Amino acid sequence: MLALTACTSTLPDMAGRELQAAQDDAQEAGFGNLTSEDALGQGRAQVWDRNWVVCDQDPQPGETDPDELVTFAVVKTDEQCPAGTPGFRVRPGDEMPDLAGMNLFDAGEALVLVNGVKDVDATGKGRSTLAESRDWKVCSHEPPAGEVVEEVISQIGESVEDPAITLHVVKSEESCP
């Protein structure tokens, strides 16, 4: 009896990437069955791929059959990805999303466009989170979800004394205080 084994390839995480670059990388990884759709539900065609950014993808990153259809949910480069999608990036003036429970690395990715983000050990022990950000989770944050994220202006190289956002974090295996 002949046994068949499934062939899989690793589909990279394309969130935040320009659509053309995401398509090129997916093809390089062995995925040729690609499509894209308007993440805002407006039905707009993606005629010039370099004018679009990936907000989400289906299937999600990881081991996948390279023959499976890969769909990129996209917005124009000057638009915001919908909240809750991996490509969402908070900007000053936006409402703060609820980041509680998210690992610190992913929270940082969502806040990459905000100047003045600080993380604080919620246990009060003053532990550093630097090289371990995937090992920490967000317990709470200031401003709370729903409030507007303020813009903080600082000179290059200056530390921000009053951050726009403070994330209160603990190690992933710990309970939030």
Side-chain angles (χ1 to χ4, degrees), residues 12-22 36-44 46 49-58 60-61 71-177:
D13 183 357
M14 302 298 185
R17 306 280 316 276
E18 177 187 272
L19 177 57
Q20 183 64 61
S36 59
E37 60 186 28
D38 186 343
L40 299 179
Q42 297 175 10
R44 299 173 293 179
Q46 293 78 55
D49 295 338
R50 284 174 170 66
N51 287 345
W52 296 83
V53 175
V54 176
C55 296
D56 204 357
Q57 65 191 62
D58 183 42
Q60 293 299 307
T71 302
F72 297 117
V74 298
V75 294
K76 289 189 160 246
T77 55
D78 63 344
E79 296 173 335
Q80 176 72 295
C81 287
T85 63
F88 176 74
R89 303 293 185 259
V90 177
R91 298 175 179 158
D94 287 348
E95 282 189 10
M96 180 71 177
D98 186 2
L99 302 177
M102 186 179 285
N103 77 52
L104 182 55
F105 180 84
D106 291 341
E109 286 291 302
L111 301 173
V112 72
L113 300 177
V114 177
N115 185 23
V117 177
K118 176 181 173 183
D119 55 81
V120 175
D121 182 354
T123 66
K125 297 177 185 174
R127 299 174 292 181
S128 172
T129 62
L130 288 178
E132 310 168 284
S133 60
R134 290 187 192 272
D135 297 331
W136 291 77
K137 68 181 175 187
V138 177
C139 291
S140 63
H141 46 77
E142 298 164 22
E147 286 193 15
V148 174
V149 174
E150 300 294 328
E151 183 170 15
V152 174
I153 310 274
S154 67
Q155 299 298 320
I156 295 175
E158 276 186 8
S159 63
V160 176
E161 292 188 29
D162 192 18
I165 298 172
T166 301
L167 303 173
H168 303 278
V169 299
V170 295
K171 290 283 217 171
S172 296
E173 67 276 2
E174 297 174 342
S175 296
C176 290

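Just so it is clear, the values below take in all heavy atoms, side chains as well, and ignore hydrogens, waters and symmetry mates. Every value quoted in this text rests on a predicted model; they were computed, and no experiment measured them.
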Q) How long is the span from the CZ atom in R50 to the CD atom in E18, to the nearest 0.5 Å? A) 6.0 Å
Q) Are E109 and R89 within salt-bridge range, i.e. N to O under 4.0 Å? A) yes
Q. Between C55 and Q80, is a side chain to side chain contact (heavy atoms under 4.5 Å, CB included) present by the stated rule, with each step listed?
A. CA-CA 9 Å; C55 296; Q80 176 72 295; over 6 Å; no
**Q.** Intermediate values then yes/no, side chain to side chain contact (heavy atoms under 4.5 Å, CB included), L104 and D119
**A.** CA-CA 8 Å; L104 182 55; D119 55 81; 4.1 Å; yes
Q: Return yes if a side-chain donor-acceptor contact under 3.5 Å exists between N51 and T77, otherwise no.
A: no
Q | Backbone of R127 reached by a side-chain donor or acceptor of D121 within 3.5 Å | A | yes
Q.
I'd like to check V74 versus V53 (side-chain heavy atoms, cut-off strictly below 4.5 Å). Are they in contact?
A. no
Q. With side chains defined as the heavy atoms from C-beta onward, is the minimum distance between S133 and N103 less than 4.5 Å?
A. no
**Q.** Worked verdict on L99 versus L167 for side chain to side chain contact (heavy atoms under 4.5 Å, CB included)
**A.** CA-CA 9 Å; L99 302 177; L167 303 173; 4.2 Å; yes
(Q) Is the shortest side-chain heavy-atom distance between T71 and S36 below 4.5 Å? (A) no
Q: May I ask you to say whether E79 pairs ionically with R44, meaning some side-chain N is under 4.0 Å from a carboxylate O?
A: yes
Q: Provide the closest heavy-atom pair for V170 versus C139 in the form atom of the first, atom of the second, distance.
A: CG2-SG, 3.5 Å
Q | Interatomic distance, R91 atom CZ to L111 atom CG [nearest 0.5 angstrom] | A | 13.0 Å
**Q.** Shortest non-hydrogen contact from L19 toward D49
**A.** CB-O, 3.4 Å
Q. If only atom types and distance count, is the side chain of T166 paired as donor or acceptor with the main-chain N or O of K118 below 3.5 Å?
A. no
Q: Look up atom CG in D38 and atom CH2 in W52, then write down how far apart they are to the nearest 0.5 Å.
A: 5.0 Å
Q. Any sub-3.5 Å donor-acceptor pair from Q57's side-chain atoms to M14's backbone N or O?
A. yes
Q | Validation row: K137, C176 side chains within 4.5 angstrom (heavy atoms) | A | yes
Q | side chain to side chain contact (heavy atoms under 4.5 Å, CB included) between K171 and W136, worked out | A | CA-CA 4 Å; K171 290 283 217 171; W136 291 77; 3.7 Å; yes
(Q) For D106 versus R134, what's the shortest heavy-atom pair and its separation? (A) OD1-NH1, 4.2 Å
Q | Closest contact, heavy atoms only, F88 versus P97 | A | CE2-CG, 3.9 Å
Q | Nearest non-hydrogen partners of A164 and E150, listed with the distance | A | CB-O, 3.4 Å
**Q.** Least distance between heavy atoms, P92 atom then E151 atom
**A.** CB-CB, 3.7 Å
Q.
Using only atom types and a distance under 3.5 Å, with no angle test, would you say the side chain of H168 pairs donor to acceptor with the backbone of V138?
A. no
